[in-house]
Amino acid sequence: MTLDKESIIAAIKTKVMEIAETLDCDASDIAADEILPATGAIDSAGLLDLIAWFEATYGLRIATEEFTIDNLGSMEMMANFLLKRKGLM
């Protein structure tokens, strides 16, 4: 698995689109820096699904205090958070 920012964002976007599709939403035009909950493409359950997938996919355990908009609000923020946690940024 490649841990570069673009690859991480692409993987997250694929998952966001998959979740949004189950809600009959099209998330293909969501930009990497858009705040995901504000897009309306995924609901709170979808957001939890995304976070669980993110943890499992990247072997990461996110502490409760790390569940912030600054860490996990957008695809870009999630990628930056992962890279920092893995010591790659």
Side-chain angles (χ1 to χ4, degrees):
M1 175 182 320
T2 305
L3 285 182
D4 64 78
K5 190 173 181 176
E6 292 77 26
S7 296
I8 296 165
I9 290 172
I12 295 168
K13 183 156 188 167
T14 298
K15 185 62 178 179
V16 167
M17 288 172 38
E18 177 185 305
I19 293 167
E21 188 176 309
T22 66
L23 301 169
D24 293 324
C25 291
D26 178 13
S28 61
D29 63 345
I30 295 175
D33 62 348
E34 283 188 76
I35 302 300
L36 291 172
T39 67
I42 59 176
D43 60 9
S44 57
L47 198 54
L48 291 175
D49 185 23
L50 177 64
I51 299 301
W53 167 87
F54 186 67
E55 286 181 311
T57 299
Y58 294 105
L60 190 66
R61 180 72 185 132
I62 302 171
T64 303
E65 61 273 5
E66 293 176 311
F67 277 87
T68 66
I69 200 82
D70 291 333
N71 289 337
L72 306 169
S74 72
M75 293 178 276
E76 184 172 17
M77 291 171 178
M78 291 175 73
N80 289 338
F81 175 73
L82 174 63
L83 291 170
K84 286 177 190 171
R85 284 285 301 275
K86 297 284 186 178
L88 300 171
M89 183 175 190

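The two residues R85 and R61 have their closest heavy-atom pair at NH2-O, 3.1 Å. The minimum heavy-atom distance between L72 and F81, with the atom names listed, is CD2-CD2, 4.0 Å. Nearest heavy-atom pair across A27 and A20 is CB-CB, 3.7 Å.
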Walk me through it: do I12 and W53 pass the test side-chain contact (heavy atoms from CB on, under 4.5 Å)?
-> CA-CA 9 Å; I12 295 168; W53 167 87; 3.9 Å; yes

Please report the C-alpha distance between L50 and L36 in whole Å, then the side-chain angles of each, then the deciding distance to 0.1 Å, and finally whether the side-chain contact (heavy atoms from CB on, under 4.5 Å) criterion is met.
-> CA-CA 10 Å; L50 177 64; L36 291 172; 3.7 Å; yes

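Placement of L60 and L47 within a single hydrophobic cluster is found when ILVMFWY residues are connected by side-chain heavy-atom separations under 4.5 Å, directly or transitively.
The structure places CD1 of I19 at 9.0 Å from CG of D43, a figure rounded to the nearest 0.5 Å. Summarising the geometry, atom NZ belonging to K13 is positioned 14.0 Å from atom CE belonging to M78; distances are rounded to the nearest 0.5 Å. One distance of note links CD1 of I62 with CD1 of I51; it measures 5.0 Å at 0.5 Å rounding. Atom CG of D49 and atom CD of E18 lie 7.5 Å apart (nearest 0.5 Å). Between the OH atom in Y58 and the NZ atom in K86 there is a gap of 10.0 Å [rounded to 0.5 Å]. Here M17 contributes atom CE and D26 contributes atom CG; the two are 7.0 Å apart, rounded to the nearest 0.5 Å.
Between M77 and the options T68, D33, I35, a side-chain contact (heavy atoms from CB on, under 4.5 Å) holds for only I35.
The neighbour count for E21 CD, taken as heavy atoms of other residues, nucleotides or ligands under 6.0 Å away, does not exceed 12.
For E34, the side-chain contact (heavy atoms from CB on, under 4.5 Å) partners two or more places apart in sequence, or in a different chain, are I30, A31, T39. The salt bridge (Lys or Arg N to Asp or Glu O under 4.0 Å) test applied to E76 returns K5, not counting sequence neighbours.
Put simply, the side chain of S7 never gets that close to the backbone of L3: no donor and acceptor are under 3.5 Å apart. Side-chain atoms of E66 never come within 3.5 Å of backbone atoms of N71 as a donor-acceptor pair (strictly under, hydrogens ignored).
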